[in-house]
Amino acid sequence: MNEHHYQQLNETIYSQQLENGLWVQVLPKMGFHKTYAILTVDFGSIDRSFIPIGKDEPITVPDGVAHFLEHKMFEKEDHDAFDLFGQLGADSNAFTSFTQTSYLFSATEHVHESLDVLLDFVQSPYFSAKTVEKEKGIIGQEIKMYDDDPNWRLYFGLLGNLYPEDPMHIDIAGSVDSIAKITPQDLYTTYNTFYQPSNMNLFIVGNVDAQQTLDWIDKNQAAKSFDQSTEPQVEFELNDETGGDVIPFRTLEMDVNRPKVMVGVRGINVVQSGKAGLQYRLAVELLLDILFDDTSDNYLRLYNNETIDDSFSYNFEMQRSFHFAYFSSDTDQPERFSDEIISILEGATQQIDAAASQFENIKRAMLGRMISLLDSPEAIANHYSGKLFGGTNLLDEITSLAAVEIDDLYKIATDFIQSQGISVYQIVPKRN
């Protein structure tokens, strides 16, 4: 068992890779009542083309398979995993992103039994033609519900501008038409390829003893047999690495009262993996806080001249193979909003100069928010990066952020914000 002590934060993370390849991390928080565990598979919605395990030729499965698989994993031939968690008093859930699928539970008692349920239901697939057909109706309703959500349409509309020929512009759940093509064999093929223990990690945080918890998991895994692990071979390349395919502007009419606008920046540069990638992500987030935090001069000016209102938000997403930032607001001045945001982004270097005196305060505020997350088992576990940033976690993020200096931001601004990567998507009220 490996032990990593974070002296400044007085926290220790214990880790071990089991014989079958499953990577396990445990962060004991003895003063906590709740324990939270999350089991993540390195497989998401963009991983639709791959070489199936044991085969030589790549295949492409229908859009939405990763999400469909997540739904179906809970249901077994004679029981439902949700019921087992409920009998133990544990709360369980799951989610799928572009690049990962995660299964989780939180509990204040019966942690050992809940860990067994988590591992058992994720490692015991059961898909029948009848239950797969039934699920198509359930997920189809979910897709239609999101089709009516203007904020969801705004987000994927922008992704359609930034990545028009790449799978990131496709809804994670797929479409009604694509999920209609999913078969039990598709699910077994993707499951067998990606749901190998060596392609998973398990993070547990809460009122647990590290050695005892690792012993529980080791015993569970030792009682099962797995095929020899093979690293999944995903067939993924960006359509245009230069960003030459970015669509600068599109608009959509919907039943909304006020226009909604989103400005996006697609990262064109190649980002290093591991901790260097984490450092890059944190520096971009700090840069965006300097430019758009609600205490910044830019925010106050745009708010006071009614270009934005309380709905204004911004975010940076960095996942395997791609990264982008977006800025959105409801506004009666959609053109002015996009012009102002683009002007601020393209003048980022000058903006850093102007905000130099505020740099330390903004960084301390960001550090304070991250440190406050240490009180949340969910936040700690959900910040575990898996393979993306070399297995780093929230504690590593706090340490890395503290090392970012203002001089780092100038290069980050130049590397990340490039004009050919900027796009605007609007949703406007339907005309009568």
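T35 and N207 get closest at one heavy-atom pair: OG1-N, 3.2 Å. Of all non-hydrogen atoms in T331 and T307, the two that sit nearest each other are OG1-O, 2.8 Å.
For residues 222-236, the side chain to side chain donor-acceptor pair (under 3.5 Å) pairs, not counting sequence neighbours, are D120-K224, Q123-K224, N220-K224. Sorted by first then second residue, the salt bridge (Lys or Arg N to Asp or Glu O under 4.0 Å) pairs that include residues 14-30, not counting sequence neighbours, are E11-K29.
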Starting from the C-alpha separation in whole Å, work towards a yes-or-no answer on side chain to side chain donor-acceptor pair (under 3.5 Å) for Q87 and D83. CA-CA 6 Å; Q87 292 165 12; D83 295 335; over 6 Å; no

Could you walk me through whether R266 and D240 pass salt bridge (charged side-chain N to carboxylate O under 4.0 Å, His left out), step by step? CA-CA 12 Å; R266 168 178 161 179; D240 186 342; 5.8 Å; no

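Applying the salt bridge (Lys or Arg N to Asp or Glu O under 4.0 Å) test to D171 and every residue at least two apart in sequence or in another chain returns nothing. Residues forming a ring pair (Phe, Tyr, Trp, His ring centres under 6.0 Å) with F249 (at least two apart in sequence, or on another chain): none. F327 pairs by the ring pair (Phe, Tyr, Trp, His ring centres under 6.0 Å) definition with F292, not counting sequence neighbours.
The shortest distance between side-chain heavy atoms of Y14 and V24 does not fall below 4.5 Å.
Taking the six-membered ring where tryptophan is involved, the planes of Y280 and F416 are perpendicular, since the angle between them exceeds 60° and thus also 30°. Ring planes of F312 and Y314: tilted class, angle from 30 to 60°.
Atom CZ of F85 is separated from atom CD of E113 by 11.5 Å, given to the nearest 0.5 angstrom. Going from atom CZ of F82 over to atom CG of L84 covers 11.0 Å, rounded to the nearest 0.5 Å.
Taking 4.0 Å as the cut-off between side-chain N and carboxylate O, K34 and D91 do not count as a salt-bridged pair.
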Would you list the atom pairs, donor with acceptor, under 3.5 Å between side chains in residues 153-169 and any protein atom, with sequence neighbours excluded?
residue : atom : partner : partner atom : Å
R153    : NH1  : D147    : O            : 3.0
Y155    : OH   : E317    : OE1          : 3.1
Y155    : OH   : E317    : OE2          : 2.9
N161    : OD1  : R250    : NE           : 2.5
N161    : OD1  : R250    : NH2          : 3.2
N161    : ND2  : S423    : OG           : 2.9
N161    : ND2  : V424    : O            : 3.0
Y163    : OH   : H323    : O            : 3.2
D166    : OD1  : N239    : N            : 2.8
H169    : ND1  : Y163    : O            : 3.3
H169    : ND1  : D166    : O            : 2.5

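In this model, a donor atom of one side chain and an acceptor atom of the other lie less than 3.5 Å apart for T189 and Q185.
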